[in-house]
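In what follows, a single structure is set out as structure tokens and then discussed.
Below, chain A is the first sequence line, B the second, and so on; all start at residue 1.
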There are 2 protein chains.
Amino acid sequence: MLTRATLGCYVFETGYIRVIAVSSIRELARRCGVSVATVSRVFNTPEVVSQQTRQLVLGMAAEIGYLPNESARTLATKKSNMVGLVWDTDHRRPGWRHPFLQDILVALKSALSAHGLHLLMLAPDPGAGPGDPRRFLRAVQRHNVDGVVIIDNGSRDPAVLALVDSEVPCVALDLRFTGPTCTYITSDNAGGGRLAGAHLIERGHRHIATITGPARNWPAAQRLAGFREALTEAGIPLADDDVVAGDFYLDSGHAAMTKLLARDPRPTAVFAAGDEMAVGAIKAIREAGLRVPDDVAVIGFDDIEVAALIPPGLTTVTQDKTGFGTAAAESLTAMLAGTATPPEPTTLPTTLILRGST
Amino acid sequence: MLTRATLGCYVFETGYIRVIAVSSIRELARRCGVSVATVSRVFNTPEVVSQQTRQLVLGMAAEIGYLPNESARTLATKKSNMVGLVWDTDHRRPGWRHPFLQDILVALKSALSAHGLHLLMLAPDPGAGPGDPRRFLRAVQRHNVDGVVIIDNGSRDPAVLALVDSEVPCVALDLRFTGPTCTYITSDNAGGGRLAGAHLIERGHRHIATITGPARNWPAAQRLAGFREALTEAGIPLADDDVVAGDFYLDSGHAAMTKLLARDPRPTAVFAAGDEMAVGAIKAIREAGLRVPDDVAVIGFDDIEVAALIPPGLTTVTQDKTGFGTAAAESLTAMLAGTATPPEPTTLPTTLILRGST
DNA sequence: CGGTTTCATGTAACCGATTACATCAGATGA
DNA sequence: TCATCTGATGTAATCGGTTACATGAAACCG
């Protein structure tokens, strides 16, 4: 296909690729000797147009390189086939740096593509002030965005809530937002917490601590609840001092673990509610001259890339990142199709991944 | 601000936030008793409209919640304020799994936001076949996308080349595409390679191997060239068998290192042209019962998150990810402003990050 | 054979902006 | 005083689609 370079610019055997002077529906109609309505029907409701005309139009369209103009369609139909993505609303702590969320984005993008939906990363409307709670809603309205996916690190930004409370269909990922036009996708966090607890117990641990997430973070709370349940069932106590909160990022895991290692007696195993924190914990354990898993066993949550890479390999509870993407795309398309009520929230199963750290 | 929850749905003191029946420019003009042209001028060329009228219109606009419709503007002006993002064109090996590219995306997004540009992640045009080289170009044309940013793992997808060769302004990241409407941003890969080589030499190594990228990958070739230069200057030979190619991903680094360890005598240091490969290499070294850096020192390239996390810490050459984002946004806005020739390619400086692996 | 369906297509209004051009009042200048 | 310029605004065409409604031919039917 590729033949030679001119001007540092690759060319095809078919010649220099250039943007065709995109022709309008009227031009195409004229060339075909039919009305614009007929052409429009060929692309939107082909079944009502005769076989003959359809082929004539499609053939001519291919010949002159006709492409429907999406702006004009959006203007006429008020549907844009674009899904807005809201992220990074809190600039002090950009959620996007978190590898787990990045993985989800990848999955989301391809799931939406499969439904023919484009993903528009929304910049706050420049016409609105930085504190304006409508700054995303405004952008959404201006662009006739059909629906919105919210990926946020739980900052409860008023601008996000304004979206959730609006009439725009929303799907929140890993956040519990619901409403007449909003649903959400999460993992079975409680189940995952239970898995983690049960696994450590099964490995023979009787003094188990946990590094949990921020107190008001719902997934974190669920993970803790499930974990607690597993301990209670096994009749193992969980002292208040064995529960330390982090913020899902590395340093907080390190700090929390340092605190836990100061306990006497110190726990023989730790469940960290996020892999980044688990990695931080492992670091702290090593720095204290102790070994993982011999002195302290560590289990994480998320299964981010690093988990498999750091020695001795982090045992963790994996979340179905691809599932997040496809579930979001499906919930959203259901809402776009105009169901009376939003789809039920989706809970994705979690599974245990065994590695060397336990 | 936030007061109470109903239906799991947060509300504001101002009441339930709903999408206002967005009013049109005609409605606004009517309410103000002026013509639509005047209203349009208030938003686009405020300086030609009288102070008095301007305030009247702006006040009324705020009152009725008027927001200009972007589709209509795009239709009229043929400018959409949207930048298309092309990624993941090669489905067999999604570049987006690579953390380095993910970091760049984050930077790009915020740099474009600062210029008031939205980022549209392009799905291939559904009207085109999967092999159609115009599948992205078509999507770009349909949506009146102003310009395109290309982030790709060097797969040389014809669909990407079609964009580069089109009249649409393009900026390629970490890829050397140029043309009358295209420029690119890369790191100083040769300089980085030189840094890596010089560092290992300074550490006293005299038998140094390298795990390079794919042969036809330009950044990889540059890194190798710089590395070679450093060795040559120091009078240290580089045997052909000490150069093994990988594909930037983990497993290839592991495989390459395994091959290198079989050499006799085996190299005492390795420069991997990407951090993922470096991590794979470290894994292989450990599996062989050897220690890093005592038996074999390793230096990487990229400075992805893992580099800081795996013990003993990966010494690496860092790329300026934020710089990629801002440079791309600037080059693009320059082209959108309509310069005759595209801006010169940008080369971002690389620096050495010292950690435990060397 | 006339009336009713059905099917394919055309006509024209509409979506919500931009902008070339026209208009007109008031200021300027000879 | 009248021609000219300037500044503010209005008129109406245009961008490229969709779609309610109208039309007309062919098929069907008793």
Bend angle of the helix from C:dC1-D:dG30 to C:dA30-D:dT1, from helix axes over five pairs at each end, nearest 10°: 50°

Nearest-angstrom distance from the residue atom CZ of A:Arg30 to C1' of D:dG16: 16 Å

Parallel, tilted or perpendicular: ring planes of A:His118 versus B:His143, cut at 30 and 60 degrees: perpendicular

From CG (B:Leu112) to CD (B:Glu330), nearest 0.5 Å: 10.5 Å

Passing option when B:Leu108 is tested against B:Leu85, B:Thr326, B:Thr322 for side chain to side chain contact (heavy atoms under 4.5 Å, CB included): B:Leu85

Gap between atom CG of B:Leu163 and atom CG of B:Leu122 - 0.5 Å precision: 8.0 Å

Side-chain N,O (B:Thr53) to OP1/OP2 (D:dA8) below 4.0 Å: no

Below 4.0 Å: OP1/OP2 of C:dC7 and any side-chain N or O of A:Ser50: no

Selected nucleotide, minimal atom distance to B:Pro68 side chain, candidates C:dT9, C:dA17, D:dT11: C:dA17

Strand contacts (DNA chain D) in residues 69-82 of chain A, 4.0 angstrom heavy-atom criterion: A:Asn69, A:Ala72, A:Arg73, A:Leu75, A:Ala76, A:Thr77

Integer-rounded Å distance: C:dA8 P and A:Gln52 CD: 11 Å

Side chain of A:Ile25 - closest among D:dT11, D:dG17, C:dA17: D:dG17

Phosphate contact (D:dT18 OP1 or OP2) by A:Asn44 side-chain N/O below 4.0 Å: yes

With sequence neighbours excluded, residues passing side chain to side chain donor-acceptor pair (under 3.5 Å) with A:Asn44: A:Ser40, A:Arg73

Candidate nucleotides C:dT9, C:dA17, C:dT18, ranked by approach to the side chain of B:Val36 - the nearest: C:dT18

Length of the line joining A:Ile64:CD1 and D:dG16:P, which is rounded to integer Å: 12 Å

Interatomic distance where CD belongs to A:Gln55 and P belongs to C:dA8 [whole Å]: 14 Å

For A:Arg30, salt bridge (Lys or Arg N to Asp or Glu O under 4.0 Å) partners two or more places apart: A:Glu27

Which residue lies more 5' along DNA chain D, comparing B:Arg26 with A:Val39 via nearest heavy atoms: B:Arg26

Pair B:Thr74-B:Ser71, side-chain donor/acceptor within less than 3.5 Å: no

Side chain of A:Arg41 - closest among C:dA17, C:dT19, D:dC21: D:dC21

Sugar-phosphate, base or nothing in reach of A:Thr38, heavy atoms under 4.0 Å: sugar-phosphate

From A:Ser23 atom OG to A:Leu28 atom CG, the distance as rounded to the nearest 0.5 Å: 6.5 Å

Spacing between B:Tyr66 atom OH and C:dG16 atom C1', to the nearest angstrom: 8 Å

Length of the CG-P vector between A:Leu56 and C:dT9, whole Å: 10 Å

Spatial distance of atom CD1 (A:Ile150) from atom OH (A:Tyr184) [nearest 0.5 Å]: 13.5 Å

Within-4.5 Å side-chain heavy-atom neighbours: A:Met60 and A:Val34: no

Close approaches to DNA chain C from residues 115-126 of chain B, in residue order (heavy atom, under 4.0 Å): none

Of B:Arg135, B:Arg134, B:Arg138, the residue whose pairing with B:Asp125 passes salt bridge (Lys or Arg N to Asp or Glu O under 4.0 Å): B:Arg138

Residues that B:Thr77 engages under side chain to side chain donor-acceptor pair (under 3.5 Å), provided they are two or more places apart: none

Distance in angstrom units between A:Phe43 CZ and D:dT19 P, rounded: 15 Å

Whole angstrom value for the distance that separates P of D:dT9 from CD of B:Glu47: 13 Å

